[in-house]
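Some notes on the structure that comes next.
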Amino acid sequence: MFSSNFRQHLQQTLKQIQDDGLSKTESLLASSQDASIQLADGRQVINLCANNYLGLANHPHITAAAANALASWGFGMASVRFICGTQTLHRQLEETISRFLGTEDTILYPSCFDANGGLFEVLLTEADAVISDSLNHASIIDGVRLCKAKRYRYANNDMVDLEKQLQQADADGARFKLITTDGVFSMDGVIASLDAIHQLAARYDALVHFDDCHATGFLGATGRGTHEHCGLLGQIDLTTGTLGKALGGASGGYTSGKKEIIDLLRQRSRPYLFSNSIAPVIVAASLEVFRMLEESHELANRVKENTRYFRQAMEQTGFAISGKDHPITPILLGDANDQLDKAISAFIKVGKKLKVIS
Ligand SMILES: *Cc1c(COP(=O)(O)O)cnc(C)c1O
């Protein structure tokens, strides 16, 4: 029963969140996702906070592909993959992602949160070790919590500490070791030193997993992601990613890598086995996304140009920008409120000159 005690308890918790200044509010949009959006109160604003890196969330090619798929493949699958939820489209998308990333095989999930949630417990047991970057995404943290491997944490992108943790895992007698990291850390736009991580992994005989949600589609010379940016095309073990950011922004995720890993995930990974197939509309539209990205690097190049321009222009207005080479452009404000006003007016001035992708 929903007792008054329990209600009071929830109310107190909510008030505490509010008092701590941690309450999250939602801005209501009255338009589709875009570089310029309309808010429910009628204001038209420049939008610099979506993960819509390539402007594909409302691109005419993508919405047309989705509309066509709706007519020919239907709306839903009403099944998990292994019962009757795999259309030829789903397999085609998995093969396309493998080709795009340069991996052996790929498995789709309802989201990347699920891909990370269903990864570690399938691959590792209590005899093994997982060595995790301290700033990894919540879904990696939860995925690691679900597995019984011994846990080691290293300071964010700190290779000296990573090596120390690898040595500790060896000293503790780990059978297999898996290093896990975000490809790009979304809070500060820092790109992981994936090349250095791979060198350490080779020296200490560890597997490497990286989550490339904030890179696939635009980072690296042809937009393949952090592994391309770091010169590791064709050399990766295991990556997870999302269809919900640069790649159209709808939803869906995947794990991609060595064939036996993917084969085992298909047999054992719980969010894959027990959650619905991705809707055909999203799968077909995603195929069109990859077709566009393989045909031309224009969008990826444009976001790189915009990134260079925006980072430089904001720096020239006197703000400290963290990260490097990545469209996530965190402006460090400090405490003073007048800094916020100054940043907003600089944002508007600089943002207006962006060649927006839409
Ligand atoms: C966004 C994000 C996710 C979650 O992706 P979904 O497909 O939305 O579940 C996971 N990992 C990282 C690093 C992300 O940025």
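For clarity, every value in this text was computed on a predicted model and none was experimentally measured. Hydrogens, waters and symmetry mates play no part in the numbers below; they use all other heavy atoms, side chains included. First listed ligand is number 1; within each ligand, the first listed atom is number 1.
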Could you check [atom] against the protein and tell me its nearest heavy-atom contact, residue, atom and distance included?
| atom | answer |
| --- | --- |
| atom 3 (C) of ligand 1 | His137 CE1, 3.4 Å |
| atom 1 (C) of ligand 1 | Lys245 NZ, 1.4 Å |
| atom 13 (C) of ligand 1 | Asp211 OD2, 3.3 Å |
| atom 8 (O) of ligand 1 | Thr242 OG1, 4.1 Å |
| atom 5 (O) of ligand 1 | Cys112 CB, 3.3 Å |
| atom 9 (O) of ligand 1 | Phe113 N, 2.9 Å |

Checklist line | Pair Phe218 and His229, ring centroids less than 6.0 Å apart | finding: no
Margin query: One thing to verify: whether Arg266 and Asp263 come together as a salt bridge, which I'm taking to mean a side-chain N less than 4.0 angstrom from a carboxylate O.
Written below: no
Check: Is the shortest side-chain N to carboxylate O distance from Asp105 to Arg91 below 4.0 Å?
Finding: yes
Note to self: If only side-chain N and O atoms count, and only distance matters, is there a donor-acceptor pair under 3.5 Å linking Thr106 with Ser98?
What the structure shows: yes
Next item on the list: Check Ser111 against ligand 1 and report side chain, backbone, both or neither, counting heavy atoms closer than 4.0 Å.
Entry: both
Note to self: Is it the case that the side chain of Thr239 and the backbone of Phe210 share a donor-acceptor pair, with hydrogens and angles ignored and the cut-off at 3.5 Å?
What the structure shows: yes
